Amino acid sequence: MTTTNISALTNEIRQRIQEARQRVSALHAELPRWELVVWTAGNVSERVYVSETNKPSNDDVFVIKPSGVNYENLTPDSMVVCNLNGDLLEGNYSPSSDTAAHAYVYRNMPEVGGVVHTHSTYATAWAARGEEIPCVLTMMADEFGGPIPVGPFAIIGDNSIGRGIVETLRKSRSPAVLMQNHGPFTIGKDAKAAVKAAVMVEEVARTVQIARQDGEIIPIPQESIDRLYDRYQNVYGQ
Ligand SMILES: O=C(CO)[C@@H](O)[C@@H](O)COP(=O)(O)O
């Protein structure tokens, strides 16, 4: 069962949606800030739990960017709200072109709270080659837990992109997947985490690309990757 009528939700849930509108609108400014997009070629979304217990379900909704609206014109009110079928529930604009992909990820990965898609240059260059980014940097072991995988070529318009994202990420610790011939999609516990992964995937794509132009890159042993990933995911930060 999916949510079909936002006005039937409780005031608390509607407040959660309003707060998510503010976060998602603000996070879109990070895409041009970190040079991850040109024009409007990227989008951010965040899941909103509709259960009182804050547990994910297929009744959840998500807030996503309106299609083709310039980042400087985005506001909390211009964001749109969709259910996990990708149906528009609330908003004055058409949802992002990638709404079906975001919805598919939320339906099939309940642990995911945020999804980002960009066409950032270096990550998209790896996607154009259909080549995964090998884990040769400690930053990659920290953030991605191994190589950054490639997902299948899929054309926008149905569930094929979303299916490719989910099938690929289920086999990896990475919060990023390079969809072949298209570009990176990233996930996180919330939209901010997914935006961070989008920034980091572009950074390591650039570094590894540059490194291998001038010589052999050196893989990190799996045991070290596991130790680095465990530390970063469980100890790093405050
Ligand atoms: O790559 C594509 C379309 O092919 C989209 O991700 C990109 O143009 C962003 O579209 P939206 O403005 O989110 O509809």
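Along the sequence shown, residues carry numbers from 1. None of the values given here were measured: they were computed from a predicted structure. Both ligands and their constituent atoms are indexed starting at 1 by order of listing.
- Look at Glu131 and Arg212 and you find a salt bridge, because one of the NZ, NE, NH1 or NH2 atoms lies within 4.0 Å of a carboxylate O, short of that distance.
- Ion pairing of Glu223 with Arg227 is present here, as a side-chain N (NZ or NE/NH1/NH2) and a carboxylate O approach within less than 4.0 Å.
- Here Arg16 does not pair with Glu19 in a salt bridge; the nearest charged N to carboxylate O distance is not below 4.0 Å.
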Please report, to 0.1 Å, the donor-acceptor pairs under 3.5 Å made by any side chain of residues 138-152, with sequence neighbours excluded.
| from | atom 1 | to | atom 2 | distance (Å) |
| --- | --- | --- | --- | --- |
| Glu143 | OE1 | Lys196 | NZ | 3.3 |

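- The residues Arg206 and Glu35 are annotated as not salt-bridged, no charged nitrogen and carboxylate oxygen being separated by less than 4.0 angstrom.
- A salt bridge links Asp226 with Arg173: the closest approach of a Lys/Arg side-chain nitrogen to an acidic carboxylate oxygen falls below 4.0 angstrom.
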Inventory of protein N or O atoms under 3.5 Å from ligand 1 N or O:
| from | atom 1 | to | atom 2 | distance (Å) |
| --- | --- | --- | --- | --- |
| ligand 1 | 1 (O) | His119 | NE2 | 2.8 |
| ligand 1 | 1 (O) | His182 | NE2 | 3.4 |
| ligand 1 | 6 (O) | Asp98 | OD2 | 2.5 |
| ligand 1 | 6 (O) | His117 | NE2 | 3.2 |
| ligand 1 | 10 (O) | Ser97 | OG | 3.4 |
| ligand 1 | 12 (O) | Lys65 | NZ | 2.9 |
| ligand 1 | 12 (O) | Gly68 | N | 2.8 |
| ligand 1 | 13 (O) | Asn43 | ND2 | 2.9 |
| ligand 1 | 13 (O) | Lys65 | NZ | 3.4 |
| ligand 1 | 13 (O) | Ser96 | OG | 2.7 |
| ligand 1 | 14 (O) | Ser67 | OG | 2.6 |
| ligand 1 | 14 (O) | Ser97 | N | 2.7 |
| ligand 1 | 14 (O) | Ser97 | OG | 2.5 |

